[in-house]
Amino acid sequence: MSYPVVLIPGDGVGPEVTEAARQIVDATGVSIAWKIHYAGGEAVERFGQPLPEETLSAISAAGTALKGPLATASGTGFRSVNVEIRKRLDLYANFRPARSMDGIRSRYADVDVIVIRENTEGLYSGLEHEVVPGVVESLRIVTKRASERIARFAFETARKYGREKVTCVHKANILKLSDGLFLDTARRIAGEFSDIAFDDCIVDAAAMKLVIDPTQFDVLVMENLFGDILSDLCSGLVGGLGVTPSANIGLDAAVFEAVHGTAPDIAGQQLANPTALVLSAALMLRHLGEADAAERVETAVRRVIADGEWLTVDLGGTASTSDFTEAVIEQLDVVPSVASN
Ligand code: NAI
């Protein structure tokens, strides 16, 4: 059996890092029927628009996509193709694990947190208007429905990943109605998951505590803006966006992508580090039910980075994108229990 997966090469370094991820996934032996579709600058060149309907319907039909970074196309009516994809496919949960890696210098050696961000509303609902000249208003939308499904997603994720605690991050002390609803909903959903501990933390305190001692957190769930900020903070705790995988998940589709951009300064030169997208592809494998293959990919990437021989330029090495890719493929068959670090 083959899993259908839409592959969006993306712009800039996108084709290089998606090719690396595709080769590594194929080398695990999991059979993927890759279907190439376009979005971003490449789609503007081919079809005159950054998000062709056929790309969206292909993702809906396949249910899964692996996506390279997309250049922001100007003058097309879309502020961001990424946001548009999330909206159109109702990818309501952004899922970002941040785990320390041997070989990547960062402040802590033992970070292992998962940030889950509500992706569809909050201050990112796109509802802004000018009240009177010089005064604008942005509406921050919080609904019971969206709060319920993201809370449930957080607890289900905690279960799936063998985690012990979910922390709801909020500002309900000030935003009594909106974050009050988000927090009350998370508390209520927590009652359905007696095997997972639950607590909550005010967002400013959470930022401070993450910096002082990130090991006190396990799974964090929060609304859109807080999640945008704290997920980057957590990436920073483990070495930055270049090594952080990400997934946007809905009921009917899931899109796996790196969080870095198109890196136009190094595009086409085999200088890109594909780690973030390769780890996103590992999340995809787990999502497809191929946990062993996912584990093998993650372990192989960790070994190559810890070993230090095949590091890309951004990590202080001299290896090309394809050198790194080959090194990861070589490590895939190492038994995970021996390999893990
Ligand atoms: P960027 O992430 O593309 O680049 C920032 C710096 O990080 C550059 O020096 C770049 O060389 C480096 N870098 C990024 N990815 C790397 C990788 N895989 N390996 C090695 N070095 C890497 O951010 P920037 O310059 O702000 O944005 C460039 C374009 O990317 C813009 O058009 C922006 O809209 C788009 N973008 C797309 C995203 C997406 O599709 N998910 C996310 C962020 C930006």
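Read the numbers this way: they start at 1 and go in the same order the structure lists the ligands and their atoms.
By the rule that hydrophobic residues join a cluster once side-chain heavy atoms approach within less than 4.5 Å of another member, V328 and V25 end up as members of one cluster.
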Check ligand 1 for N or O atoms under 3.5 Å from a protein N or O and list each pair with its distance.
unit_1   : atom_1 : unit_2 : atom_2 : d
ligand 1 : 2 (O)  : G261   : N      : 2.7
ligand 1 : 3 (O)  : T262   : N      : 3.1
ligand 1 : 3 (O)  : A263   : N      : 2.7
ligand 1 : 9 (O)  : D265   : OD2    : 3.1
ligand 1 : 11 (O) : D265   : OD1    : 2.8
ligand 1 : 11 (O) : D265   : OD2    : 3.0
ligand 1 : 15 (N) : H260   : ND1    : 3.3
ligand 1 : 18 (N) : H260   : NE2    : 3.3
ligand 1 : 18 (N) : N273   : O      : 2.9
ligand 1 : 19 (N) : N273   : N      : 2.8
ligand 1 : 30 (O) : T262   : N      : 2.9
ligand 1 : 30 (O) : T262   : OG1    : 3.3
ligand 1 : 32 (O) : T72    : N      : 3.4
ligand 1 : 34 (O) : T72    : OG1    : 2.5
ligand 1 : 40 (O) : L70    : N      : 2.8
ligand 1 : 40 (O) : N82    : ND2    : 2.9
ligand 1 : 41 (N) : N82    : ND2    : 3.4

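By the 6.0 Å contact criterion, CD on E130 is enclosed, its count of non-hydrogen atoms from other residues, nucleotides or ligands being greater than 12. Around the NZ atom of K160, the shell of radius 6.0 Å holds more than 12 heavy atoms that belong to other residues, nucleotides or ligands.
Ring pair F193/F155 is parallel by interplanar angle, where below 30° counts as parallel and above 60° as perpendicular.
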Trace of the salt bridge (charged side-chain N to carboxylate O under 4.0 Å, His left out) decision for D200 with R187
CA-CA 9 Å; D200 70 278; R187 270 200 192 116; 3.8 Å; yes

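Checked against the 6.0 Å centroid threshold, Y161 and F95 count as a close aromatic pair.
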